[in-house]
Amino acid sequence: MNLNGVLNAILAFVVLNLCLSAHVEGLINPILPGWNPDPSILRVGSDYFIATSTFEYFPGHPIYHSKDLVNWKLIGHGLNRPSQLSLFGTPTDAGIWAPSLRYHAPTKTFYLASTTRYAYTAEYRLFPRSFFVTTRDIFSNKWSDPVYFDALGYDTDLFWDTNGDVYATWAGINNAVDKIYSIYQNKIDIKTGNSLTAAQLIFEGILPHNSSARPEGPHIYHINSTYYLLIAEGGAGPEHRSTIQRGPSPSGPWENNSKNPILFNGANMSLPVQDTGHADFVQAPDGSWWGVALGVRPQDGNFNHQQLGRETFLFPVTWEDGWPVFNNGQPISEHIEGVLEDKSPTSTYFNQFVSHTLDLSFYFLRTPYKAFHSLTARQGFLRLNANSFALGDRDNPALLLRKQTSYEETFETQLDFAPRDNLTEAGVTIFYSDQLHNDIGVVGDGNGGRMIVTRMNVQAVQGGPWALTYTNSTVATVNHIPLTSRTGPVKFQIIGNSTSYSLGYAEGNSTEFSFPLIIDAVLLSVPPVGGFFFKGASFGLYNTGNGKPSLALADFKYWKQTPQSK
């Protein structure tokens, strides 16, 4: 080797080592990608568990398990029977709100506290009762029927004091008109949920005490002979944050942490993670501490492009002067250097429907009246039997959903479907809610043929003196494209990226997809008039008679989601 060769080899070696040293391992966030808001974390022995919110989806409250805080597996749902969760006609983003997952060591019992909201309209302005369910075996996916508290409120937390007293702590309002939120508490009988003491207002938060302050999501802890109260404040948007207090009892009085808020990315609106708050934290077996919180990832700095919704983020917790410090006092980020390991939480999902049961990652919209799917009626296919409800009806359409897990993600399936008339329709959807969904499917043309149908829902704009309401807050644009065949397979793809979705199809054995519908992701990120944005986008399969019973069977060959981490 000549001198130039030696120098080039040395230079290559130096460059390689510089590149290797520039890569610092660290935690990849969110640890639960795709919408998983309001996380509550628990450790029992060497096992970690997280529960999150599901709103009008059924089953309710996914339970995730991990041994190392990096690799998480969905092991069940706390509310998976109609006797636990009856969501019939429940509005979008109502249903199951923030859980609190706790463990009572003396009885070896897991407790999951929750709240189900069934209505938003004026006659139901009061909050509902919260409740809890229990299990001795969290891996069994078998939880008790609900035990109800007496109080009206939400985000209820359970806490066992050292003397055996059990406290329920929740977010409530002073009345249904002013809606001044505060943190309330009482002692309860844990066997019945009955109150043992009157409700006591224990904290009003640290923000100005008005209807926008929204102190909620309380968690009580007893650490080193001191009691701590962790709450969320500032509403569900960029002002969302976590604050903490400490005191001599589970009810206070509370000393404010001078470094509050201990979690708040909203001070810098250019950060890639926003809306951080609703936190919980736990100690590991090695003595270290870890916290979880929700956050959103606006794409390209645009808050109208956050279609994955509120996801679960992890961060280290340290202690200074008897106070917990979240993430070393730094904002939560998508990559935390020097923490745990680099491992993407996303992976390709491919289901060829050879099992006789659905796996735990699938959801229904509200509680099904009866089963409308089968994995045995036609071997190697998922069959959806239509009902009369269409996408957008405030009920339980024949719709099967699975969360989108990455902003850059492609969903694909193949459908066998022979519509009998121009009402029978089956296909795929990128779905947020009754009002916010965009679909591509196959429908009859009324003459024995088939057409591709596309449906785009956009937020309505008020015209004239008539105000927009829940029922007229979006406008659908529907288009049709003739298919050449009356039977045979049709493939569908939905390609998602940071700011848009492309909905396409390919007929027969063709691998060339046409994309007749391309939408801005704003249509899945910005709620219509009177709506909320609590969830995130899901891919879905559907079959409908559009208001009439249908005998047309929809057979889907596979479900494939291919994410690209971002």
Side-chain angles (χ1 to χ4, degrees), residues 25-32 36 38-52 64-72 98-105 110 157-162 169 217-232 241-247 250 254-265 273 276-295 311-343 345:
E25 287 196 354
L27 173 69
I28 295 176
N29 266 319
I31 56 167
L32 301 180
N36 275 286
D38 310 321
S40 180
I41 191 169
L42 171 70
R43 179 183 64 84
V44 179
S46 60
D47 296 295
Y48 297 92
F49 304 95
I50 291 177
T52 64
Y64 298 92
H65 169 252
S66 177
K67 287 282 190 179
D68 57 10
L69 295 170
V70 174
N71 298 283
W72 292 91
S100 180
L101 184 62
R102 294 295 181 255
Y103 181 72
H104 186 230
F110 293 86
D157 180 69
L158 284 172
F159 174 76
W160 284 259
D161 203 0
T162 54
T169 308
H219 290 305
I220 301 288
Y221 312 88
H222 188 228
I223 304 169
N224 294 332
S225 302
T226 300
Y227 295 88
Y228 293 85
L229 170 63
L230 176 69
I231 68 169
R241 65 192 68 194
S242 290
T243 59
I244 196 163
Q245 337 297 317
R246 66 185 179 190
W254 302 109
E255 172 193 356
N256 181 53
N257 183 356
S258 62
K259 295 185 178 180
N260 274 328
I262 61 171
L263 178 62
F264 180 45
N265 278 32
V273 180
T276 52
H278 205 108
D280 197 4
F281 65 101
V282 70
Q283 188 176 26
D286 64 2
S288 61
W289 290 80
W290 300 88
V292 291
L294 65 81
E311 304 170 286
T312 292
F313 291 75
L314 179 75
F315 49 87
V317 177
T318 53
W319 291 83
E320 293 181 5
D321 301 323
W323 291 106
V325 179
F326 286 2
N327 197 36
N328 297 310
Q330 299 300 310
I332 302 301
S333 61
E334 293 177 286
H335 187 260
I336 303 179
E337 293 183 356
V339 174
L340 299 176
E341 62 178 288
D342 279 313
K343 184 172 182 179

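These values consider heavy atoms only, across backbone and side chains, with no hydrogens, waters or symmetry-generated copies.
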**Asked** Which atom names give the shortest non-hydrogen contact between Lys67 and Ser46, and what distance separates them?
**Response** NZ-OG, 2.9 Å
Throw together a table of side-chain donor-acceptor distances under 3.5 angstrom for residues 317-331, partners on residues two or more places apart or in other chains.
{"from": "Glu320", "atom 1": "OE1", "to": "Lys259", "atom 2": "NZ", "distance (Å)": "3.3"}
{"from": "Asn327", "atom 1": "ND2", "to": "Gln330", "atom 2": "O", "distance (Å)": "3.2"}
{"from": "Asn327", "atom 1": "ND2", "to": "Pro331", "atom 2": "O", "distance (Å)": "2.9"}

**Request:** Quick one: list whatever passes side-chain contact (heavy atoms from CB on, under 4.5 Å) with Thr162, sequence neighbours left out.
**Result:** His222, Tyr227
**Prompt:** Which heavy-atom pair separates Leu230 from Tyr221 by the least distance, and what is that distance?
**Reply:** CD2-OH, 3.5 Å
**Asked** Which residues pass the side chain to side chain donor-acceptor pair (under 3.5 Å) test with Tyr48, sequence neighbours left out?
**Response** none
Without placing hydrogens or testing angles, list every side-chain donor-acceptor pair under 3.5 Å for residues 281-290, not counting sequence neighbours.
{"from": "Gln283", "atom 1": "NE2", "to": "Gly287", "atom 2": "O", "distance (Å)": "3.3"}
{"from": "Asp286", "atom 1": "OD1", "to": "Ser288", "atom 2": "N", "distance (Å)": "2.9"}
{"from": "Asp286", "atom 1": "OD1", "to": "Ser288", "atom 2": "OG", "distance (Å)": "2.6"}
{"from": "Ser288", "atom 1": "OG", "to": "Trp290", "atom 2": "NE1", "distance (Å)": "2.9"}

**Item:** pair Asp280-Pro39: side-chain heavy atoms closer than 4.5 Å
**Value:** no
**Item:** Ile31/Ile50 under side chain to side chain contact (heavy atoms under 4.5 Å, CB included): CA gap, chis, key distance, verdict
**Value:** CA-CA 11 Å; Ile31 56 167; Ile50 291 177; 3.9 Å; yes
**Prompt:** When you measure from the side chain of Asp342 to the backbone N and O of Ile28, does any donor-acceptor pair fall under 3.5 Å?
**Reply:** no
**Asked** Counting N and O atoms only, with roles assigned by atom type, does the side chain of Asn29 sit under 3.5 Å from a partner on the main chain of Ser333, one being a donor and the other an acceptor?
**Response** yes
**Prompt:** Nearest heavy-atom pair of Tyr228 and Trp254: which atoms, and what distance?
**Reply:** C-CZ3, 4.1 Å
**Item:** Straight-line distance of Leu32 CG to Glu311 CD, nearest 0.5 Å
**Value:** 9.0 Å
**Request:** Ignoring hydrogens and angles, tell me if any N or O in the side chain of Asn71 forms a donor-acceptor pair with the backbone of Ser66 under 3.5 Å.
**Result:** no
**Item:** Evaluation steps, side chain to side chain contact (heavy atoms under 4.5 Å, CB included), between Tyr64 and Thr312
**Value:** CA-CA 11 Å; Tyr64 298 92; Thr312 292; over 6 Å; no
**Item:** Side-chain donor or acceptor of Asp157 paired with backbone N/O of Ile220 under 3.5 Å
**Value:** yes
**Asked** When rounded to the nearest 0.5 angstrom, what is the spacing between NE2 in His278 and NE2 in His219?
**Response** 5.0 Å
**Request:** Starting at OG of Ser100, measure out to CG of Asp38 and round the result to the nearest 0.5 Å.
**Result:** 11.0 Å
**Message:** For the NZ atom of Lys343 and the CG atom of Asp68, what is their distance to the nearest 0.5 Å?
**Reply:** 7.5 Å
**Minimal non-hydrogen separation, Phe159 against Pro250, with atom names** = CE2-CG, 3.8 Å
**Request:** Scan side-chain atoms only and decide if Asn260 and Thr243 contain a donor-acceptor pair under the 3.5 Å cut-off.
**Result:** no
**Prompt:** Donor-acceptor pair, Thr276 side chain versus Asn265 backbone, under 3.5 Å?
**Reply:** yes
**Message:** Once salt bridge (charged side-chain N to carboxylate O under 4.0 Å, His left out) is applied, do any residues pair with Glu341, and if so which ones, sequence neighbours excluded?
**Reply:** none
**Asked** Can you name the nearest heavy-atom pair linking Pro345 to Pro30, along with the distance?
**Response** CG-O, 3.2 Å
**Prompt:** From Asn257 CG over to Leu229 CG, what is the distance, rounded to the nearest 0.5 angstrom?
**Reply:** 12.0 Å
**Message:** With rounding to the nearest 0.5 angstrom, report the CG to OG1 distance, Leu294 to Thr52.
**Reply:** 10.5 Å
**Asked** Are any non-hydrogen side-chain atoms of Ile244 and Arg246 less than 4.5 angstrom apart?
**Response** no
**Item:** For His65, ring-ring contact (aromatic ring centres under 6.0 Å, His included) partners two or more places apart
**Value:** Phe49, Phe139
**Message:** If you compare all heavy atoms of Ser40 against all heavy atoms of Leu101, which two are closest, and at what distance to 0.1 Å?
**Reply:** OG-N, 2.9 Å
